[in-house]
Amino acid sequence: MKNTPGWQKIEQWLAAKELKPFAFQEEAWEHYLHGRSGLVNAPTGFGKTFSLFLAVLIRWVNEGSPPTSGLQMLWVTPLRALAKDIGRAMEEALHELRIPWKVGIRSGDTATSEREQQKRRMPEILIITPESIHILLAQKEYAKRFEGLHTVVIDEWHELLGSKRGVLVELGLCRLRSLRPQLQTWGISATIGNLDEALDVLMGTATASKAIVRAEVNKAIEVHCILPDEIEKYPWAGHLGIRLLHKVLPVIRNSRTTLLFTNTRGQSEIWYQQILKAYPDMAGVMALHHGSIDAELRIWVEEALHTGALKLVVCTSSLDLGVDFRPVDTVIQVGSPKGVARFLQRAGRSGHQPDAVSHIWFLPTHSLELVEAAALKDAMKANLIESRMPVVLAYDVLLQYLMTLAVSDGFNAEETWAEVRSTFCFQSLEPEEWQWILAFMTTGGEALNSYDEFRKLHLVGDRYYCTSRQLAMRHRLHIGTIVSDAMLKVRYMTGGFIGLIEEYFISRLSPGDSFSLSGNNLEFVMIKDMTVLVRKSKSKKSIVPSWNGGRMPLSANLGMMLRRKFHEAMNGIAQEEEITILRPLFDLQQLLSHIPQENELLMEHIETKDGYHLFVYPFEGRLVHEVMAALLAWRISRQHSISFSIAMNDYGFELLSDQPIPVDDTNAQELLSPENLAADLQSSVNATEMARRKFRDIAVIAGLIFQGYPGKHKANRHLQSSASLLFNVFHDYDPQNLLLRQAFNEAFFYQMEEARLRDTLERIAGQKIVITFPQRLTPFCFPIKVDSLREQLTSEKLEDRIKKMIVW
DNA sequence: GACCTGCTGCGGTTTG
């Protein structure tokens, strides 16, 4: 293959740019030229993206005169912003190589005129989002557009894999493969624990020959830890880390450009304010970047990063992707990154040239988090990178997809069944389930058959169509799997946009209150036309918005590494500075209680004026702890009449009662046994309530709830109540409803992390349970105690309060 | 001995 003209042309071009292809790139080219599909994996900065683009060009030059008759390659990216960067780079390469191909972008940003142009004539390369693929599939005679297509590349496949957006990709691919049986599919993925599975999901049950190309290159990453001077004075609890601010500035000063990652938007607001206050001279060269900041401002920040005009950007995971090609040389992570993969990904944002070393600084927000720093380092060495679990049997996405087909050219049930079954997601879909789905979409099912708007499909000949123009239009507006909370725009009285804020947060403010957004101190004036009007605030004190985000638990890999680190600390094996500096804390923990070894589970009984506490430390992340706490409480209360309140964090959980908690050596093992888990979970956890919450998104994705036209506001409460109503109706009148079943499955899988819980209980069954009776609060229990106190002190939502006061 | 938790991502056609 190496002596083909295309290959040589590309090599010459790379040489002229003083670039040499990596071995893995050449391997990818070989596979591609042999007509295979597959997955490419390499660290950031090694040209994964370009290797495939070049492979396509090689093939094409080899084939002689270029087919300039429409779409050849579809390039799927999860981010609109990424599409622009990649498009620019491709155009440049095509220009230099004198290849007369056009590159187009199809996303929500694409102008109407451009869309029409694309309709008349597709560009040879189209960069597209998963959602936009489905929008194309929702158009009449869509098949024509894909007539010449021979390659689909899914960029950042690891990002899409674990979500319903990944299912959109799977479904889109199964349709395209039917249209173009020779289609070559390539994924590009960062390193994850289940690369083989990632390939399987991408390929579905297609029999095409496939390969994984892994780069045998190691990216050098240096992890530095920002250590407090006196560990005795560093807080045992907390999440902010602002006390170490003075140690951060030298790091920033000594770098050209720094990204400072925080875990929440609120936290980034605080850090931004505090840095500005302590070092006003940073004013012109620092910026804030997170999901609630106005899109235009964010684009400006990204551009300024590009040109190197900014010295510091304080951000959340909004900058996790898409800062390649940018001169970032230092990354600071404030607080736990919760997982190894995320930490590596952020580290990779710096020094992305192949030979450059990536520098990442870890800043602990409380003392015990230092152990996490040591655990992260070891996990990186051992390559313990988390897996992304593919979504299976997402009926809601399937319903949406069928509607997509129905509004364009209709679908034949048998053909589509075969295609859908060829995806990884729906490979185990049962014929009865398929029949149920068709019936549900045609009649509205058992519960909704008297409502016209739920009778969406009509069988005409042997094809299902949606004949209602109104429903079709609604559907095209609702393609996608991301369901957001209601956001309001924030604007100065005098005009000028600041950002977005959740309706929920604003609803709790009164006119005159001050809050902080986009680094500004703002005074709330009023809400008008769904816009929050504000003026600059003179008040020194302001409320930092809290958003209703997800709660990411500590990953299983990191939890495992943490337990090992405690074991090493206990036995004096650990030599890292992060651990040795914690000596006084460990000594105190050991004196008051115990440091658990790797084969031990620690429980602490502590009596305070609040009552009787039982602390348990499995280190399995807060979701598992929440369910474990409920399970343990329920099992205890089955034998004794006793009531509890519950608190938890990523390291452990607490049961609190007004009477002594009857857990000791004789029954502890049994109370945490994996036996009867399923049945006991049913009784101890309010699964119906959890499922109800999951159902909201499912109902929106499946198209049962209309969210309103873009730009027009429909209050979130409507959404919430109509979803709840549908949930009740299905629950009472249509218990076989697949969407209802999906809601329960999602609650068990994602909310309770049932599989991980079972693993944990099985692990504990083989461990020794150490029970201690400390005379006062220990360093281990302190963070949990503080968190539970905070919840009592803040304006708790009634729902949460009730949840906590559940009496068994 | 004490704290300001909770991320990100997408999205309009058809026909008059």
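Just so it is clear: chains get the letters A, B, ... in the order the sequence lines come, proteins before strands, and each one is counted from 1. Heavy atoms only: backbone and side chains are in, while hydrogens, waters and symmetry mates are out.
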Within less than 4.0 Å of OP1 or OP2 of [N], is there a side-chain N or O belonging to [X]?
X: A:Thr316; N: B:dT8; value: yes
X: A:Gln267; N: B:dT5; value: no
X: A:Arg474; N: B:dT13; value: no
X: A:Arg115; N: B:dT13; value: yes
X: A:Arg80; N: B:dC10; value: yes
X: A:Ser132; N: B:dG11; value: yes
X: A:Arg298; N: B:dG9; value: yes
X: A:Arg265; N: B:dT8; value: yes
X: A:Thr129; N: B:dG11; value: yes

How many whole angstroms separate atom [atom1] of [X] from atom [atom2] of [N]?
X: A:Asp320; N: B:dG9; atom1: CG; atom2: P; result: 10 Å
X: A:Glu116; N: B:dT15; atom1: CD; atom2: C1'; result: 13 Å
X: A:Gln345; N: B:dG9; atom1: CD; atom2: P; result: 13 Å
X: A:Leu477; N: B:dT13; atom1: CG; atom2: C1'; result: 9 Å
X: A:Leu405; N: B:dT13; atom1: CG; atom2: P; result: 16 Å
X: A:Gln470; N: B:dT14; atom1: CD; atom2: P; result: 17 Å
X: A:Glu302; N: B:dG9; atom1: CD; atom2: P; result: 9 Å
X: A:Glu131; N: B:dG12; atom1: CD; atom2: C1'; result: 14 Å

(request) Kindly assign one of parallel, tilted or perpendicular to the pair A:His134 and A:Tyr401, based on the angle between their ring planes and the thresholds 30° and 60°. (result)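 Answer is perpendicular, since the angle exceeds 60°.
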
(request) For the pair A:Tyr651 and A:Phe619, name the ring-plane relationship: parallel under 30°, tilted 30 to 60°, perpendicular over 60°. (result)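 It falls in the tilted class, 30° to 60°.
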
[X] side chain, from C-beta outward: closest of [options]:
X: A:Pro235; options: B:dC10, B:dC4, B:dC3; result: B:dC3
X: A:Lys338; options: B:dG12, B:dC10, B:dG6; result: B:dG6
X: A:Ile270; options: B:dT5, B:dC4, B:dT13; result: B:dC4
X: A:Ser107; options: B:dT15, B:dG11, B:dC4; result: B:dG11
X: A:Ser317; options: B:dT8, B:dT14, B:dC4; result: B:dT8
X: A:Arg622; options: B:dC4, B:dG12, B:dG6; result: B:dG6

(message) Salt bridge check, A:Asp320 against A:Arg349: does any charged N sit closer than 4.0 Å to a carboxylate O?
(response)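 The answer is no: the pair does not qualify as a salt bridge.
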
(request) May I ask you to decide whether A:Glu170 forms a salt bridge with A:Arg165, counting only side-chain N to carboxylate O separations under 4.0 Å? (result)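 Salt bridge flag = no for A:Arg165 with A:Glu170.
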
(request) Please tell me which of A:Leu585 and A:Ile482 maps to the more 5' nucleotide of DNA chain B, matching each residue to the nucleotide holding its nearest heavy atom. (result)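 The residue whose closest nucleotide sits nearer the 5' end is A:Leu585.
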
(message) Both A:Pro779 and A:Gly291 contact DNA chain B. Which one's nearest nucleotide lies toward the 5' end?
(response)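 Per heavy-atom nearest nucleotide, the more 5' residue is A:Pro779.
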
(request) Assign A:Leu777 to base, sugar-phosphate, or nothing according to its heavy-atom contacts below 4.0 angstrom with the strands shown. (result)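 Base contact - A:Leu777 has a heavy atom under 4.0 Å of at least one base atom.
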
(message) Over all strands shown, is A:Leu136 touching base, sugar-phosphate only, or nothing at heavy-atom distances under 4.0 angstrom?
(response)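 No contact at all - A:Leu136 keeps every heavy atom at 4.0 Å or more from the nucleic acid.
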
(request) For A:Tyr234 and A:Pro364, indicate whether the former's side chain and the latter's backbone hold a donor-acceptor pair under 3.5 Å. (result)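 Yes.
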
(message) Restricting to side-chain hydrogen bond (donor to acceptor under 3.5 Å, both in side chains), what partner residues turn up for A:Trp75, sequence neighbours left out?
(response)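 A:Trp75: side-chain hydrogen bond (donor to acceptor under 3.5 Å, both in side chains) contacts with A:Asp155.
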
(request) Identify, with sequence neighbours excluded, every residue that meets side-chain hydrogen bond (donor to acceptor under 3.5 Å, both in side chains) alongside A:Ser555. (result)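 side-chain hydrogen bond (donor to acceptor under 3.5 Å, both in side chains) list for A:Ser555, sorted by chain: A:Glu386.
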
(message) Is B:dG12 syn or anti, taking syn as a glycosidic angle within 90° of 0?
(response)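 What B:dG12 shows is a syn base, its glycosidic angle lying within 90° of 0.
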
